[in-house]
Participant: 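If you scroll down you'll find the structure; I have some questions about it.
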Protein chains: 2
Amino acid sequence: MRSDPAGARATSRDVARAAGVSQATVSLVLGEKWHGRVSEPTAEAVRAAAEQLGYRPNLAARSLRLGRTRTALLVVPALTSEFFARVYAGAARVAADNGFGVVLYPSPEGVGPAQDPFTSARAALDGVIASSMAADALAALQDGGLPLVMLDSDPADSAAAATVNPEVADGMRQIAGHLLSLGHRRLVHVAAAVDSWTFRERARSLAEAVRGVPGAVVHTEPTALEVEAARAAAERALSRPGPRPTALVCDDDLLAAGACKAARRLGLRVPEDVSVTGFDDLTLATALEPELTTVRLSAEQVGAGGMHALLTALEGRPPTSATIPVTLFPRASTAAPPPA
Amino acid sequence: MRSDPAGARATSRDVARAAGVSQATVSLVLGEKWHGRVSEPTAEAVRAAAEQLGYRPNLAARSLRLGRTRTALLVVPALTSEFFARVYAGAARVAADNGFGVVLYPSPEGVGPAQDPFTSARAALDGVIASSMAADALAALQDGGLPLVMLDSDPADSAAAATVNPEVADGMRQIAGHLLSLGHRRLVHVAAAVDSWTFRERARSLAEAVRGVPGAVVHTEPTALEVEAARAAAERALSRPGPRPTALVCDDDLLAAGACKAARRLGLRVPEDVSVTGFDDLTLATALEPELTTVRLSAEQVGAGGMHALLTALEGRPPTSATIPVTLFPRASTAAPPPA
DNA sequence: CGGAGGCCGTTATACGTAAAACCCGAGCAG
DNA sequence: CTGCTCGGGTTTTACGTATAACGGCCTCCG
């Protein structure tokens with residue numbers, strides 16, 4: 001219900017005039033804290049006037065007045081990834097439950113000059129949640145002087161901030177265990193060539209797991225985070241001289257899709273000739289054929305945990321450090337290696 | 001570079017004090033419009049003080065003062081879809097080129113009470129871009145009194161607003177033409193059971209195209225927008241009594257993935273026994289095997305077009321109505337039907 | 001020598017809201 | 001009768017910024 005000639009939004013003063021009260025009364029009534037301060041008939045008149053004028057509070061003015069905004073900024077490296085969309089969803093849910101909002105800032109990859117997240121966010125902020133950021137990007141965020149929560153990032157990058165990290169090392173250990181116990185010994189790590197904590201951790205954990213098994217080796221094949229790049233990388237790895245690897249351990253489900261394509265192009269069947277594993281358990285994992293053996297890493301839980309951590313930080317409590325468990329989902333893309 | 005004891009952010013007045021000038025001068029200098037009003041040494045002193053104090057303008061105060069915010073709200077039905085992430089990317093790019101920002105509002109599907117996008121957005125807004133919204137949701141957005149641009153929505157829902165629509169009807173016509181010319185006559189439309197303009201348009205266009213060819217029929221099988229639901233739907237369609245359909249026309253790539261799984265579960269090969277087509281050309285389309293024949297609908301262009309339309313609207317010019325062309329990408333998931 | 005402009009700032013103000021401080025009349029206890 | 005409380009409001013103020021309006025001082029020209 002709006003009414004005014006478009007262009008001029010109604011202010012609380014307009015509502016006050018229409019209801020025959022002062023602006024302060026309008027603020028009290030609509031702020032829901034008028035009990036015992038305003039009589040019911042007056043309150044009702046104010047609400048009616050507000051409704052009739054289509055009044056919406058000016059958020060800028062409110063933020064300015066209150067000094068806090070009940071708004072968090074979520075910084076993600078890329079939005080096109082389902083993973084970060086899910087992180088957002090988790091954070092937004094917890095935020096909504098606590099009267100907060102979440103504004104998204106996809107840290108631009110080359111879009112103009114490196115912009116300042118705080119001003120580009122276009123909203124006044126109470127705190128920042130940064131997901132999967134490299135150390136330098138984090139440093140910039142810390143200069144904001146706002147409470148900071150790091151998700152999926154190296155705890156060493158900022159000892160002071162709260163962190164929420166999925167147990168990726170454990171996940172990779174489970175994948176390695178799964179493959180090794182199936183009898184695989186020659187593994188390829190189709191590794192995301194991205195400088196971030198998660199991927200470093202995945203590499204470290206895989207190497208460690210393999211090191212514990214005599215005769216097992218892992219060759220690392222780096223790739224960009226795209227299906228085609230992963231296909232090329234996997235094809236390289238499968239075509240190298242010497243005995244063929246029997247398992248492709250991919251840093252995420254998208255790369256695993258590329259690996260599957262590589263196998264097929266070389267005339268190899270998955271999983272009979274070569275096993276493939278993913279990571280994250282996105283929609284893609286079960287959309288592919290065969291369905292991917294992967295590790296489910298609940299991005300929603302990461303986002304939700306991040307928002308919780310931020311809320312406790314905003315209450316002045318000391319930074320927390322949470323951890324999100326992961327689960328192996330053995331599916332159709334892995335099997336025992338072919339007989340030598 | 002921040003310095004103050006955390007908690008108290010530096011204001012322009014603090015900078016002024018540090019630089020030995022008035023607050024107005026700080027505003028002039030940092031506003032880049034000081035030429036001929038402030039001497040170079042003074043300006044330099046201000047900039048130095050600002051840097052040293054880690055000054056960042058208070059966005060709420062600035063918005064309040066200026067009355068406009070150079071910020072647009074993008075309302076999308078769901079963020080987990082790569083499609084909308086791309087719409088955002090396109091809009092954000094154009095926005096950045098024009099000194100604007102974009103704040104995202106994923107219209108929640110059941111998250112608490114139907115929230116008001118304008119207040120939940122947490123930012124003061126200049127305009128709204130709504131993507132793929134149903135009529136009732138659009139009506140709510142129009143009450144905001146802000147310039148509105150509709151993407152991928154029924155132009156009839158609001159004659160007044162600007163629209164940017166991909167030529168989905170043309171896309172579906174191309175898909176139908178492709179299949180019909182390959183010789184297919186018994187089609188199934190694996191149709192998204194979502195009340196929105198695009199999907200209505202796709203159904204309409206497909207029906208129309210088939211109607212023009214004697215002996216061609218299309219059976220509609222509705223499904224939720226999920227891989228598993230689509231698989232079930234496609235399995236139903238392929239198992240119906242009577243001659244088996246030879247092509248599954250899916251409303252988007254995700255549904256096509258489900259259709260492929262259905263075919264495989266029934267022992268049918270794609271494309272030899274049954275052809276499958278997608279829509280949108282997301283990453284998924286080329287991650288699958290076989291790669292999907294699909295229609296590329298540039299979500300980036302839709303987003304970019306939406307932002308352009310909003311910018312012209314903000315200049316007071318009359319609402320525009322743009323259209324985004326689509327292109328058929330014939331790939332490996334379609335072939336001639338098997339001989340009867 | 002006086003006034004008209006530049007030049008380089010400063011002072012003052014408004015944006016819309018929330019809330020602290022204040023105010024007034026009525027009821028009520030002492 | 002006086003002074004206090006209390007309900008039901010109003011007046012006032014502050015948040016931080018951008019900018020319009022104002023004004024000293026120096027120079028230059030008539």
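Residue numbers begin at 1 in each chain, while the letters A, B, ... track the order of the sequences. Small disclaimer: the values here were computed from a predicted structure and weren't measured.
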Participant: With heavy atoms under 4.0 Å as the rule, sort B:Ser39 into base, sugar-phosphate or nothing.
Facilitator: sugar-phosphate
Participant: Which residue, B:Arg56 or B:Arg37, contacts DNA chain D at a nucleotide closer to its 5' end, judged by nearest heavy atom?
Facilitator: B:Arg56
Participant: Does the side chain of B:Ser132 come under 3.5 Å of the side chain of B:Ser196 through a donor N or O and an acceptor N or O?
Facilitator: no
Participant: Does B:Ala61 or B:Leu28 map to a spot on DNA chain D nearer the 5' end, using the closest nucleotide for each?
Facilitator: B:Ala61
Participant: Does the side chain of B:Ser22 get closer than 4.0 angstrom to OP1 or OP2 of C:dG9 through an N or O atom?
Facilitator: no
Participant: Nearest to the A:Thr11 side chain among C:dG16, C:dC8, D:dT10, which nucleotide is it?
Facilitator: C:dG16
Participant: Quick one about B:Thr69 and B:Asp126 (side-chain donor to acceptor, distance below 3.5 Å, no hydrogens or angles considered), yes or no?
Facilitator: yes
Participant: Among the nucleotides D:dT17, C:dT17, D:dT10, which one has an atom lying closest to any side-chain atom of A:Arg13?
Facilitator: C:dT17
Participant: Just to be sure I understand the rule, does B:Ser63 reach a base, reach only the sugar-phosphate, or reach nothing, if contact means heavy atoms closer than 4.0 Å?
Facilitator: nothing
Participant: Taking B:Val75 as the fixed residue, which of B:Leu151, B:Ile129, B:Leu148, B:Leu141 is the one that meets the side-chain contact (heavy atoms from CB on, under 4.5 Å) rule?
Facilitator: B:Leu141
Participant: Salt bridge or not between A:Arg47 and A:Glu51? Use side-chain N to carboxylate O under 4.0 Å.
Facilitator: no
Participant: OP1 or OP2 of C:dT17 less than 4.0 angstrom from a side-chain nitrogen or oxygen of A:Ser27, does that happen here?
Facilitator: no
Participant: With a non-hydrogen cut-off below 4.0 angstrom, is A:Val21 in contact with a base, only sugar-phosphate, or nothing?
Facilitator: sugar-phosphate
Participant: Separation of A:Arg17 atom CZ from D:dT10 atom P, in whole Å?
Facilitator: 14 Å
Participant: Starting at the 5' end of DNA chain C and moving along, which residue's nearest nucleotide shows up first, A:Pro57 or B:Thr42?
Facilitator: B:Thr42
Participant: Find the distance B:Asn58:CG to C:dT17:P and express it as a whole number of Å.
Facilitator: 16 Å
Participant: Classify the nucleic acid contact of A:Leu64 as base, sugar-phosphate or nothing, counting any heavy atom under 4.0 Å across all strands shown.
Facilitator: base
Participant: Could you tell me whether the phosphate oxygens of D:dG8, OP1 or OP2, come under 4.0 Å of any side-chain nitrogen or oxygen in A:Thr25?
Facilitator: no
Participant: Given atom CD of B:Glu40 and atom C1' of C:dG9, what is their separation to the nearest angstrom?
Facilitator: 15 Å
Participant: In whole angstrom, give the distance that lies between atom OH of B:Tyr55 and atom C1' of D:dG16.
Facilitator: 7 Å
Participant: Counting C-beta onward and ignoring hydrogens, is there a side-chain heavy-atom pair between B:Trp197 and B:Asp157 closer than 4.5 Å?
Facilitator: no
Participant: Could you tell me the separation between the CG atom of B:Asp126 and the C1' atom of C:dC15, rounded to a whole number of Å?
Facilitator: 15 Å
Participant: Write down the distance between CG (A:Leu66) and C1' (D:dC15), rounded to a whole number of angstrom.
Facilitator: 9 Å
Participant: Give the intermediate values and the outcome of side chain to side chain donor-acceptor pair (under 3.5 Å) for residues B:Ser12 and B:Ser27.
Facilitator: CA-CA 7 Å; B:Ser12 62; B:Ser27 194; over 6 Å; no
Participant: Among C:dA19, D:dT17, C:dT10, which nucleotide has an atom closest to any side-chain atom of A:Gln23?
Facilitator: C:dA19
Participant: Output the rounded distance in Å from CD (B:Glu44) to P (C:dC8).
Facilitator: 16 Å
Participant: Output the rounded distance in Å from CZ (B:Arg68) to P (D:dT17).
Facilitator: 16 Å
Participant: Measure from the side-chain heavy atoms of A:Ala24 and tell me the nearest of D:dT17, D:dT10, C:dT17.
Facilitator: D:dT10
